[in-house]
Enquirer: 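Handing you a structure now.
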Amino acid sequence: MQTDKQEKRPTMQAQHSEETAPFGFREVKAAEKHGLVQTLFGGVAHNYDLMNDLMSGGVHRLWKSAMLDWLAPRPGMRLLDVAGGTGDIAFRFQDRGGGPVMVCDLTPEMLAVGRDRAIDGGRLKPYAAGGIDWVAGNAESLPVADRSVDAYTIAFGLRNVTRIDKALAEAHRVLKPGGRFLCLEFSHVVLPVLDKLYDAYSFSVLPALGQYVAKDRDAYVYLAESIRTFPPQEELAARIRAVGFERVSYRNLSGGIAALHSGWRI
């Protein structure tokens, strides 16, 4: 189930200082967060896709399909997929008729999983030939030229960057005029009762699954905590607009467990 929401007046959360950033419920030095994120995802990379299936009951696949439905890939469309190391969005984009994809991820281990999946699936062409390139890089300082891509996607990655507004500004910089920004992210539940059930699930079942399957309970405690410190839907929409995007809107998925945010570079 999904609903479209136009941007409303935001309720701003407390802002973090320039020196610190949230890492779950902890405040850490901003300069250290990217290393902590790298270490965390490096440790779970080989079980990342399996854990997504287990902890969402496969629903993440429907959310990603909704993202691609909204994007509407077409031949020749150039995509930058950020924080997409295992290739899930890139492969879906090309399977729906999209053009070349650059996958940019902070964590080398995640990129290695994506490259292996691409090889196993016979996806051997590079970006310049209409295929996929795999690039290590930070969402806050992308190794991508100005106004060079038609679409920018980030699925379950914006929550992990140190400075969200810098990452959003980078998305705006690399998009061509007329380009589309789409963010799929865990968000804030908007349905009564479901929010209580989701909290109980997040802080009990998810860490247990992480311990049993990925052998890393702490990574999935971080997941639950990081969702709660991420900006709510209306605040994120306002921040997307603040860096220059137009026609900003969002859709709640599964009652707000996840949300799709969209913006256009005009």
Side-chain angles (χ1 to χ4, degrees), residues 2 4 7 60-106 110-111 114 118 123 125-161 164-185 187 236-237 239-251 253 258-266:
Q2 64 185 45
D4 287 11
E7 182 184 357
H60 78 101
R61 297 173 181 267
L62 301 179
W63 296 338
K64 290 170 181 173
S65 290
M67 184 184 206
L68 271 295
D69 288 345
W70 213 7
L71 181 58
R74 62 182 185 275
M77 178 187 280
R78 295 174 179 269
L79 173 66
L80 172 64
D81 183 40
V82 176
T86 64
D88 233 17
I89 299 300
F91 301 153
R92 290 165 184 268
F93 174 80
Q94 291 200 326
D95 288 346
R96 291 191 181 212
V101 185
M102 182 182 299
V103 177
C104 183
D105 198 289
L106 184 68
M110 295 283 281
L111 288 166
R123 302 173 187 266
K125 293 192 297 184
Y127 182 89
I132 304 173
D133 278 355
W134 307 88
V135 179
N138 191 320
E140 298 174 56
S141 182
L142 293 168
V144 180
D146 293 358
R147 302 185 179 197
S148 60
V149 296
D150 301 300
Y152 172 116
T153 54
I154 182 166
F156 306 114
L158 189 60
R159 192 182 71 256
N160 301 309
V161 305
I164 289 173
D165 298 323
K166 287 185 178 180
L168 294 175
E170 278 290 274
H172 189 270
R173 176 184 67 81
V174 302
L175 280 167
K176 298 176 181 177
R180 182 81 175 277
F181 166 88
L182 277 176
C183 172
L184 171 62
E185 187 55 89
S187 199
L236 182 58
R239 291 168 74 167
I240 293 168
R241 197 166 195 273
V243 302
F245 285 106
E246 303 287 345
R247 294 169 57 194
V248 175
S249 61
Y250 69 86
R251 298 178 177 181
L253 306 175
L260 268 171
H261 282 75
S262 170
W264 296 83
R265 177 168 183 171
I266 304 300

Enquirer: Would Phe181 and His172 count as a ring pair (Phe, Tyr, Trp, His ring centres under 6.0 Å) here? Give the steps.
Expert: CA-CA 8 Å; Phe181 166 88; His172 189 270; 9.8 Å; no
Enquirer: Taking all atoms of both residues into account, what is the closest heavy-atom pair of Ser262 and Leu182, and its distance?
Expert: CB-CD2, 3.6 Å
Enquirer: Which atoms form the tightest heavy-atom contact between Ala167 and Val161, and what is the distance?
Expert: CB-CG2, 4.2 Å
Enquirer: Under the 3.5 angstrom rule, does the side chain of Arg123 hit a backbone N or O of Gln94 as a donor-acceptor pair?
Expert: no
Enquirer: Would you call Arg61 and Asp88 a salt bridge, taking side-chain N to carboxylate O under 4.0 Å as the test?
Expert: no
Enquirer: Which pair of non-hydrogen atoms, one from Trp134 and one from Ala118, has the smallest distance, and what is that distance?
Expert: CZ2-CB, 3.8 Å
Enquirer: Answer yes or no: is there an ion pair linking Arg78 with Asp150, defined by an N-O contact shorter than 4.0 Å?
Expert: no
Enquirer: Is any side-chain heavy atom of Ile154 closer than 4.5 Å to a side-chain heavy atom of Glu185?
Expert: no
Enquirer: Tyr127 and Pro100: which non-hydrogen atoms are nearest, and at how many Å?
Expert: O-CB, 3.3 Å
Enquirer: In terms of the angle between their ring planes, are Phe156 and Trp63 parallel, tilted or perpendicular, with boundaries placed at 30° and 60°?
Expert: tilted
Enquirer: Can you tell me how far apart NE2 (His261) and CZ (Arg251) are? Round to the nearest 0.5 Å.
Expert: 12.5 Å
Enquirer: Looking at Leu111, is its backbone amide N or carbonyl O close enough to the side chain of Asp105 to form a donor-acceptor pair, meaning the two atoms are under 3.5 Å apart?
Expert: no
Enquirer: Please report the closest heavy-atom contact between Ala155 and Ile89, naming both atoms and the distance.
Expert: CB-CG1, 4.0 Å
Enquirer: Under 3.5 Å, is there a donor-acceptor pair between the side chain of Arg247 and the main chain of Ile266?
Expert: no
Enquirer: CZ/Phe93 to CE/Met67 distance, rounded to the nearest 0.5 angstrom?
Expert: 11.0 Å
Enquirer: So which atom in Leu158 and which in Leu168 form the shortest heavy-atom distance, rounded to 0.1 Å?
Expert: CD2-CD2, 4.1 Å
Enquirer: Would you compute the distance between atom CZ of Arg92 and atom CG of Leu68 and round it to the nearest 0.5 angstrom?
Expert: 7.0 Å
